[in-house]
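Computed from a prediction, not measured in an experiment: that's the story for all the values here.
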Amino acid sequence: MLYPSPIFGPITSRRLGQSLGVNLMPADSKLCSFDCVYCECGFNFVTPGSKRPTKEEVISKLDAKLDEIRRAGGVINTITFAGNGEPTLHPHFLEIINGVVESRNRHFPEAVISVLSNATHCGKPEVFEALNKVDNNILKLDSAIEQTAKLIDRPTVKYSVAETVENLKRFNGNFILQTLFLKGVHNGVAFDNTTPEEVDAWLEVVKAVRPKEVMVYSLDRKTPVETLEKASAETLKAIAAKVEALGVKVLLTL
């Protein structure tokens, strides 16, 4: 499922409430620095001639949509950067964030701005600066074990769990860690990030980076790989309890 670009929704999100989406990728392509086995948008592909929306287009269309919703008496809880790929790949990500903050303040000052990112580019100074300007800086880590992370997330750029963890530490807790728990088989290779070894290694990372919140969840929508299995409610609850035992807030989505 692909999303319209640059603005879509609002939609009701399991984790973010009434959410207006911002898609910085083309409406007819999937562009991401990961190629996750579970992505609801499918695997990466590029339609010839497709282009990302410009920063001016994103900001003007968001402003118009927020004005329309406000005049109609609607409610927006969250403005969410998501869509058909990794939002921080946009070359003008920082400038777009600055414009969106201004637009939010004019129309729905009570709404929060959320960015769903796979954290592959948060080491870049301009991306780091931008992510520190939003209310919900939501960064992914699906496994603390390199081999498992690469099987699940299938990075298309140079990727290291250790380097990602060091970049997460730089936020000094000003971020939300999100992890999707699942098991499955792809191309004949099995993976499972819910095993005791996986969870223990992941909890060590949680202790090291000390996020302000951890999102624990599993599959909810159609995935490009059909051999995936959703983590059980019991498994997710047990993992969430271990995070809470560390003194870290948990948002558990079953």
When hydrophobic residues are tied together by side-chain contacts of less than 4.5 Å, even through go-betweens, does [X] share a cluster with [Y]?
| X | Y | result |
| --- | --- | --- |
| Val209 | Val248 | yes |
| Phe175 | Val205 | yes |
| Leu254 | Ile239 | yes |
| Tyr217 | Val225 | yes |
| Leu203 | Met215 | no |

Main chain of [Y], side chain of [X]: is a donor-acceptor contact present, judged purely on distance under 3.5 Å?
| X | Y | result |
| --- | --- | --- |
| His90 | Ile96 | no |
| Ser117 | Ala119 | yes |
| Thr47 | Asp28 | yes |
| Ser50 | Pro26 | no |
| Ser218 | Phe181 | yes |
| Lys150 | Pro155 | no |
| Asn23 | Ile7 | no |
| Thr164 | Ser160 | yes |
| Ser33 | Val157 | no |

Worksheet item: What pair of heavy atoms forms the shortest contact from Glu86 to Asn118, and how long is it?
Response: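 Taking every non-hydrogen atom into account, OE1-N, 2.8 Å.
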Worksheet entry | Test salt bridge (Lys or Arg N to Asp or Glu O under 4.0 Å) applied to Lys140 and Asp153, step by step | CA-CA 10 Å; Lys140 174 182 293 297; Asp153 298 326; 5.4 Å; no
Flag for [Y]-[X]: side-chain donor and acceptor within less than 3.5 Å:
| X | Y | value |
| --- | --- | --- |
| Thr223 | Glu40 | no |
| Thr156 | Asn44 | no |
| Thr179 | Trp202 | yes |
| Lys183 | Asn193 | no |
| Gln18 | Thr78 | no |
| Thr195 | Glu197 | no |
| Glu198 | Thr148 | yes |
| Asn132 | Asn137 | no |

Can you tell if the side chain of [X] reaches within under 4.5 Å of the side chain of [Y], non-hydrogen atoms only?
| X | Y | answer |
| --- | --- | --- |
| Phe45 | Leu31 | no |
| Leu62 | Ile79 | yes |
| Ser114 | Phe81 | no |

Using a strict cut-off of less than 4.0 Å between a Lys/Arg side-chain nitrogen and an Asp/Glu carboxylate oxygen, indicate whether [X] and [Y] qualify as a salt bridge.
| X | Y | value |
| --- | --- | --- |
| Glu234 | Lys237 | no |
| Arg106 | Asp67 | no |
| Glu166 | Arg170 | no |

Considering residues, nucleotides and ligands other than [X], do more than 12 of their heavy atoms fall under 6.0 Å from its [atom1]?
| X | atom1 | value |
| --- | --- | --- |
| Glu110 | CD | yes |
| Lys249 | NZ | no |
| Glu56 | CD | yes |

Practice prompt. Classify the ring geometry between Tyr159 and Phe34 as parallel (under 30°), tilted (30 to 60°) or perpendicular (over 60°).
Written response: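 Geometry flag for Phe34 against Tyr159: perpendicular rings.
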Discussion item. Using 30° and 60° as the class boundaries, would you call the ring planes of Phe43 and His186 parallel, tilted or perpendicular?
Written reply: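 The rings of Phe43 and His186 sit tilted, inter-plane angle from 30° to 60°.
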Discussion item. Against Val115, only a single residue in Ile97, Asn136, Val100 fulfils side chain to side chain contact (heavy atoms under 4.5 Å, CB included); can you say which?
Written reply: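 Considering Ile97, Asn136, Val100, a side chain to side chain contact (heavy atoms under 4.5 Å, CB included) with Val115 is found only for Ile97.
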Worksheet item: Can Arg104 and Asp135 be said to form a salt bridge (Lys or Arg N to Asp or Glu O under 4.0 Å), step by step?
Response: CA-CA 12 Å; Arg104 182 275 308 270; Asp135 305 282; 3.0 Å; yes
Fill in: Test side chain to side chain donor-acceptor pair (under 3.5 Å) applied to Ser19 and Asn77, step by step
CA-CA 6 Å; Ser19 173; Asn77 304 120; over 6 Å; no
Discussion item. Run Ser103 and Asp63 through side chain to side chain donor-acceptor pair (under 3.5 Å) and show every step you take.
Written reply: CA-CA 6 Å; Ser103 183; Asp63 198 71; 2.8 Å; yes
